[in-house]
Amino acid sequence: MAANFPTSRLRRLRQHPKIRDLVREHDVHVNDLIAPLFVKQGLTGKKEISSMPGQYQLGLDALAAEIKTIVALKIPAIILFAIPEHKDATGSDAFAEDGIALQAIRLIRKTAPELLIISDICCCEYTDHGHCGVMDEHTGCMDLNNDATLPLLQKQVVAHAKAGSDVMAPSGNIDGMVQAIRSALDDNDFKHIPILSYTAKYASSFYGPFRDAAESAASFGDRRSHQLDVANANEALREAEQDVDEGADMLMVKPAMPYLDVMLRLKQTHPALPLCAYQVSGEYAMLKAASQQGWLDEQACVLESLVSMKRAGANMIITYYAKQVATWLG
Ligand code: PBG
């Protein structure tokens with residue numbers, strides 16, 4: 001029994017629902033949400049992703065209708081993943097004028113001038129080997145060539161900004177990527193475009209369904225030479241320091257629920273920087289599958305998962321549940 005009981009009774013503030021509303025510390029709002037979109041070249045209509053029920057790859061012909069739905073739900077932003085027909089060693093379709101990424105950005109911009117478009121900046125959806133940059137034997141064995149990848153990311157951001165994208169989100173965990181894209185944007189009159197860096201992006205197994213969705217599974221090897229070791233937290237703080245020094249405007253932690261400790265620590269060490277949580281494909285798949293089985297109350301559990309991220313310090317959340325959440329909150 002607490003020493004100050006019975007003077008202090010914490011249940012006083014829990015008894016009345018209106019008091020509970022008044023003292024609530026965190027809330028999930030539709031303004032916090034970012035909806036991921038997969039746009040696939042050559043696809044007509046849309047195709048459900050089998051490991052992510054309710055999520056689709058969209059053909060260009062189905063994109064405008066989806067964008068209108070998202071705008072009608074008052075979701076402020078989308079993050080775009082493009083899946084090209086043509087893949088090569090350097091992922092050149094990411095910045096090709098007639099490539100699927102630029103076509104999709106232009107179409108979204110035209111359909112919804114006010115919707116925020118975030119570009120995921122990486123090579124893995126566009127390379128024939130599925131890795132996040134240039135692969136060669138510069139270290140004696142096949143590995144991702146960090147510095148040779150930077151110019152490709154620079155080309156991507158300039159092309160995406162020209163096409164109408166509003167925010168650049170580099171996701172490859174390549175050293176120096178934030179500085180490289182900041183200078184490319186600045187040199188091309190895009191000084192106003194912010195960078196949302198995938199600062200603490202872990203080499204997680206929770207990306208499995210995404211790699212089906214984006215058709216970006218590596219044909220050999222893995223991403224552990226550049227994504228963070230899942231057992232490390234201090235490393236994320238070093239990543240954050242570097243990203244801030246290089247000019248990142250916003251930081252991200254990914255995945256979200258298994259890394260709430262990292263989120264909290266980044267918020268504590270960088271309180272002034274907006275923080276984004278990415279509830280990834282595997283997190284969606286778990287919640288969706290259990291809900292479909294009738295084992296979880298979907299709405300309650302999804303909202304609980306999102307408010308846990310707000311509690312840990314997230315200001316915004318990328319989630320495949322964005323449309324459903326907007327409907328529930330609406
Ligand atoms: C890389 C990227 C990935 C995700 C977002 N951006 C995949 C990866 O690193 O392999 C995963 C997101 C998810 O699982 O929902 N372009």
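For this chain, numbers begin at 1 and follow the sequence in order. Just so you know, ligand 1 is whichever comes first in the structure, and atom 1 is the first atom listed for that ligand.
- A 6.0 Å sphere centred on CD of E304 holds no more than 12 heavy atoms belonging to other residues, nucleotides or ligands.
- The protein heavy-atom contact nearest to atom 5 (C) of ligand 1 is K254 NZ, 2.8 Å.
- From the protein, the heavy atom lying nearest to atom 12 (C) of ligand 1 is F210 CD1, 3.3 Å.
- In this structure, atom 9 (O) of ligand 1 lies nearest to the protein heavy atom K201 NZ, 2.7 Å.
- No N or O atom of S216 sits closer than 3.5 Å to an N or O atom of ligand 1.
- Side-chain rings of Y56 and F38 stay apart, their centers remaining 6.0 Å or farther from each other.
- Annotation: cation-pi geometry satisfied between K254 and Y207 (NZ/CZ under 6.0 angstrom from ring centroid, within 45° of ring axis).
- With a 4.0 Å heavy-atom cut-off, ligand 1 is reached by no atom of Y284.
- For ligand 1, the atoms lying closer than 4.0 Å to a non-hydrogen atom of E125 are 16 (N).
- Although no hydrogens or angles enter the test, the distance criterion places a donor-acceptor pair under 3.5 Å between the side chain of S183 and the main chain of A180.
- Counting atoms of ligand 1 from 1 in the listed order, those under 4.0 Å from a heavy atom of C124 are 1 (C), 16 (N).
- The single protein non-hydrogen atom nearest to atom 16 (N) of ligand 1 is D120 OD2, 3.0 Å, given as residue, atom name and distance.
- Near R211, the atoms of ligand 1 lying under 4.0 angstrom from a non-hydrogen atom of the residue are 8 (C), 9 (O), 10 (O).
- With salt bridges taken as basic N to acidic carboxylate O contacts below 4.0 Å, none links R265 and D261.
- Of the protein's non-hydrogen atoms, the one nearest atom 15 (O) of ligand 1 is Y320 OH, 2.5 Å.
- Nearest non-hydrogen protein atom to atom 14 (O) of ligand 1 is S281 OG, 2.7 Å.
- With ring centers used as reference points, Y126 lies 6.0 Å or more from F95.
- The 12-atom threshold is exceeded at NE2 of H192, counting heavy atoms of other residues, nucleotides or ligands nearer than 6.0 Å.
- For CZ of R20, the number of neighbouring non-hydrogen atoms (other residues, nucleotides, ligands) closer than 6.0 Å is greater than 12.
- Under the 4.5 Å side-chain heavy-atom criterion for ILVMFWY residues, no single connected hydrophobic cluster contains both V178 and L237.
- Taking a cut-off of under 4.0 Å to the non-hydrogen atoms of R223, the atoms of ligand 1 that pass are 8 (C), 9 (O), 10 (O).
- Numbered from 1 in the order shown, with element, the atoms of ligand 1 that lie under 4.0 Å from a heavy atom of Y278 read 12 (C), 15 (O).
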